[in-house]
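In what follows, a structure is listed as structure tokens, so that the remarks can point back to it.
Computed from a prediction, not measured in an experiment: that's the story for all the values here.
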Amino acid sequence: MKDTVQQLRRRSKELLQEGEVDRVLGWRAGRLAWQSAPAVAESPEEVDRLQVGPFSASNLTKYLIDIVRPEHPAPDEQPPGRTAVWARGCDARAINRLITDGVLDPAQVLVLGFSCPGFADRGRVADSVDLKSADSCQWTADEGADFVVRTADGDVQLSMGDVLADRCASCTHPEPVRCDEEFTGATSAGAGDRFAALAEFEEMDQQERYEYWRRQFDRCIRCYACRNVCPACNCVECVFDGDLPDRPDWLGKATDLSDKQMYHITRAFHVAGRCIECGECERICPVNIPLRAIMQRTAADIEELFSEHQAGLSPEETPPLQSYRLDDPEVKEEGST
Amino acid sequence: MKLLRTEDLKRLLVRLADEGRVYLPRMEDETVLFRPWDGGEPSLEGVRSKNATLPPKDLLFPQTEEVFRFVANAADLEITPGEPDDVPPVIFGIRPCDARSIAMLDTVFLDEQFPETFYADRREGALLITWGCTEVRDTCFCSTFDVDPAGPVEDGDIHVTDLGEELALEATSDRGAAIVSDLDDIVHEADAETGRRIEKLREEVRESIVAQPPVEGLAETLAGMYEDPVWEDLAFRCIGCGTCAYLCPTCHCYDLDGETRGTEGVRFRCWDSCMFSDFTRMAGGENPRPTKLQRIRNRFLHKLQYFAQKHGVYGCVGCGRCIDHCPACVDIADFIYAVKGADSNE
């Protein structure tokens, strides 16, 4: 992975130097060993701070939206130009999502793809390392380990397989499904069981499932982090942003259980068939609501009701719930046209 | 200092239940939340975790609270004020940082001239049983703001130190002293050896806080940084969610909203977050803070400059929740290091 990062940096510098792109999106290390923040480089010098680390979890695509569609453009706002993005499977699928949704023009982006090594779950790493004493994390080429956590008491070698985030374990597309240039040589997280999170629900009857989800949603604080981090949530203005002068409040600002359920059900339906399965919603939920299970359930239902489908594999896709076909089996059964 | 056998904790809670409704941190789906005690044998898993996921702020300042109901007929208007729960909360296991945050909420809501009556009603009877930290997170930096993670702290009524098999109790208010004096049949006096052991434990906890960003003169420094490029990097990263504000024990901004059906309706108060794009949007659509940069700058300046200028203390207690949970690694401690030109590794 170390080599891949070097190649990504080298190419990013060239692209900036040659004026091929206006900026490069990647990640950078933070104050704490597990912090890896989204970052932008606008000059070759700034590229040196870009990295891909074992904790570079954020899906960068939301930042592309900010670039091509600024929230409050200045009067002298320059056109967004072209942005190079370091992209794994989920980032690349999210870029396809934005193109399909008409948010992004393919000419505005240059995808520097790399095969994803998978990302580490902070809690699992904390089981092996006291993060208070950790200074940094680095990839290693040493046998039997993928990365090293440098601590005040010495290095701790870890294998990604032992600390892999659940969402990466169930990833089916670690390779960049869309890219302009590909940087290989990285290890891959490997094809996982896409619907792994659903297993535990199969044992529950309807009442048990209802009680389970009631308890989960009851914890929701309506911080909207799951929406704001989601590449499929790319509406210019969200129906849940209240107090619009010319629109009714679809959802009260009060946080009772029915409002919380309404929010999550609406979001699940809106994202159904469009979710690119990055799992960011679940990673960032501060109260640990297993949001990925909801998206997996809708994806499994869509496969059952329509056809095999995974969102974001191509920019030309038509999401199943956004198409209408006269030969739809359901239409035929009812004998209507 | 009195010692209570940990296995007798339930008997302490029974006594505390005389004072109000007892809440304690409970582990629920890997999330630690203050929940009402059910009267049974208490689980220690929540209170022994490295602090609750959400602070107990909502027990005094609920996320949603009815202000009044109304019926408006053609002839008259009938208004029924909302009534806060009249059973005061007994918050068991609140950490020193969160206890300090309540002192800060008091500063805001118990203003002499304009007290916030709903908050004041809840706060008046509230009892705080503080719990000294025995293990800190890597995101903790409470000592930066003169919070002692181990205690005893003066922001509550009784301070508890966890010694494993035993819990050390110290009264930190007159009310706390009266309660402890009622416990003679279940507690015994700590000997000098235990006292030394506790002091050693506390010193270790204090030393384990790694981050100590320099805050001296910070408000003054920030006063000259309104147009500084430092905000651009933060604004770039921020995704505009409400995680930081809603997890923050000191954030206290709220909105008044309502629901009306026909001639009846309810007006309620609910938490709001200055990171939301509609936070400052006014009727008619005008928004004085239309960009993320303006919003995140306001959040940080409110905590680290305006609050300090107005109340003499920083509006942050260093609990580290916003650092732990920010989806984009926005880190207020790192921000302070950067502003003060200091190195976090020193």
Side-chain angles (χ1 to χ4, degrees), chain A residues 27-28 30-40 55 57-58 62-63 66 70-72 74 122-123 126 130-135 152 212 215-216 219 221-229 237-238 241-246 249 252-256 259 280 283-290, chain B residues 28-31 33 53-54 63-64 66 136-140 208-211 233 236-237 239-247 255 257-259 266 268 270-273 275-278 281-285 287 290-292 294 321 323-331 333-334 337 344-345:
Chain A
W27 301 265
R28 64 188 264 207
R31 175 177 66 96
L32 302 168
W34 53 267
Q35 288 176 328
S36 183
V40 65
F55 290 99
S58 299
K62 287 299 271 202
Y63 299 93
D66 286 348
E71 180 183 20
H72 185 76
R122 180 163 34 130
D130 176 11
L131 288 174
K132 281 198 302 297
S133 66
D135 292 326
Y212 175 88
R215 192 175 80 230
Q216 306 301 322
R219 282 203 303 275
I221 52 173
R222 297 263 299 273
C223 67
Y224 295 125
C226 51
R227 174 195 69 179
N228 290 17
V229 82
E237 195 118 40
C238 176
D241 282 332
D243 297 342
L244 292 180
D246 53 351
D249 284 352
K253 216 169 175 175
T255 41
D256 62 27
D259 283 322
E280 277 287 89
R283 174 182 73 90
I284 53 79
C285 177
V287 291
N288 301 313
I289 301 174
Chain B
E28 178 185 307
D29 299 311
E30 295 176 44
T31 311
L33 303 164
T53 312
L54 299 179
Q63 186 160 7
T64 303
E66 187 178 309
V136 305
R137 292 168 181 264
D138 62 338
T139 46
C140 290
S208 69
I209 302 254
V210 181
D233 183 52
F236 166 77
R237 270 189 273 172
I239 63 166
C241 72
T243 303
C244 49
Y246 285 0
L247 261 53
D255 189 18
D257 206 335
E259 278 164 21
V266 58
F268 55 85
C270 55
W271 291 358
D272 206 347
S273 164
M275 304 311 294
F276 290 152
S277 57
D278 60 4
R281 182 155 50 199
M282 301 178 208
N287 191 344
T291 66
K292 272 197 296 182
Q294 291 161 316
R321 288 184 179 91
I323 306 173
D324 248 320
H325 291 280
C326 176
C329 299
V330 172
D331 179 337
D334 191 45
Y337 280 119
S344 61
N345 290 321

- request: Would you mind reporting whether A/Ile284 and B/Thr243 have side-chain heavy atoms less than 4.5 Å apart?
  value: no
query: A/Ala39 versus chain B, heavy atoms under 4.5 Å apart: side chain, backbone, both or neither?
result: backbone
- request: Could you look at B/Glu66 and say if it's the side chain, the backbone, both or neither that has a heavy atom under 4.5 Å from chain A?
  value: neither
message: Ignoring hydrogens, what is the shortest heavy-atom contact between A/Pro38 and B/Arg237? Give both atom names and the distance.
response: O-CG, 3.3 Å
- line: Per-residue tally against chain A (heavy atom, under 4.5 Å) across B/Leu33, B/Ile209, B/Asn287, B/Val136 peaks at B/Val136
statement: dist B/Ile239:CD1 -> A/Tyr224:OH (nearest 0.5 Å) comes out at 14.0 Å
- prompt: Which answer fits B/Glu259, side chain, backbone, both or neither, if we ask what part of it has an atom under 4.5 Å from a heavy atom of chain A?
  reply: side chain
Partner of A/Gln35 under side chain to side chain donor-acceptor pair (under 3.5 Å), chosen from B/Asp334, B/Asp331, B/Thr139: B/Asp331
statement: Between A/Asp241 and B/Ser277 the two heavy atoms that sit nearest each other are OD2-OG, 4.1 Å
field: Contact leader toward chain B among A/Pro70, A/Ala225, A/Ala33, where contacts are heavy-atom pairs under 4.5 Å
entry: A/Ala225
query: What part of A/Trp27 gets closer than 4.5 Å to chain B, counting heavy atoms only: side chain, backbone, both or neither?
result: neither
Test item: B/Asp233 and A/Arg28 side chains (from C-beta on) under 4.5 Å apart, heavy atoms: yes
- prompt: Side chain, backbone, both or neither: which part of A/Ser36 has a heavy atom under 4.5 Å from chain B?
  reply: backbone
task: Sort A/Ile221 into side chain, backbone, both or neither according to what part of it lies under 4.5 angstrom from a heavy atom of chain B.
output: both
query: Do A/Asn288 and B/Asp29 have side chains that get closer than 4.5 Å, going by heavy atoms?
result: no
- prompt: Between CZ of A/Arg222 and CH2 of B/Trp271, what distance do you get to the nearest 0.5 Å?
  reply: 13.0 Å
Proximity breakdown for B/Phe236 and chain A, heavy-atom pairs closer than 4.5 Å: both
- prompt: Side chain, backbone, both or neither: which part of A/Arg215 has an atom under 4.5 Å from a heavy atom of chain B?
  reply: both
query: So which part of B/Cys241 gets closer than 4.5 Å to some heavy atom of chain A, the side chain, the backbone, both or neither?
result: both
field: Over all atoms of both residues, closest heavy-atom pair of A/Ser58 and B/Pro327
entry: OG-O, 3.5 Å
Min side-chain heavy-atom separation A/Asp259-B/Thr64 under 4.5 Å: no
statement: Looking only at A/Glu280, A/Arg227, A/Lys62, A/Arg122, the option with the highest number of non-hydrogen pairs under 4.5 Å against chain B is A/Arg122
statement: Turns out that what part of A/Gln216 lies under 4.5 Å from chain B's heavy atoms comes down to side chain
message: Given heavy-atom pairs under 4.5 angstrom as the criterion, report whether the side chain, backbone, both or neither of A/Tyr63 touches chain B.
response: side chain
- request: Heavy-atom distances under 4.5 Å only: say whether B/Arg321 touches chain A with side chain, backbone, both or neither.
  value: neither
message: Between B/Thr291 (side chain only) and A/His72 (backbone N and O only), is there a donor and an acceptor less than 3.5 Å apart?
response: no
task: Taking all heavy atoms of B/Ser208 and all of A/Lys132, pick out the closest pair and write down the distance.
output: O-CD, 3.6 Å
query: Do B/Ile323 and A/Arg31 have side chains that get closer than 4.5 Å, going by heavy atoms?
result: yes
Best-contacting candidate, B/Thr53, B/Leu247, B/Asp138, against chain A by heavy atom pairs under 4.5 angstrom: B/Asp138
query: Measuring heavy-atom distances to chain B, does A/Asp66 have an atom under 4.5 Å in its side chain, in its backbone, in both, or in neither?
result: side chain
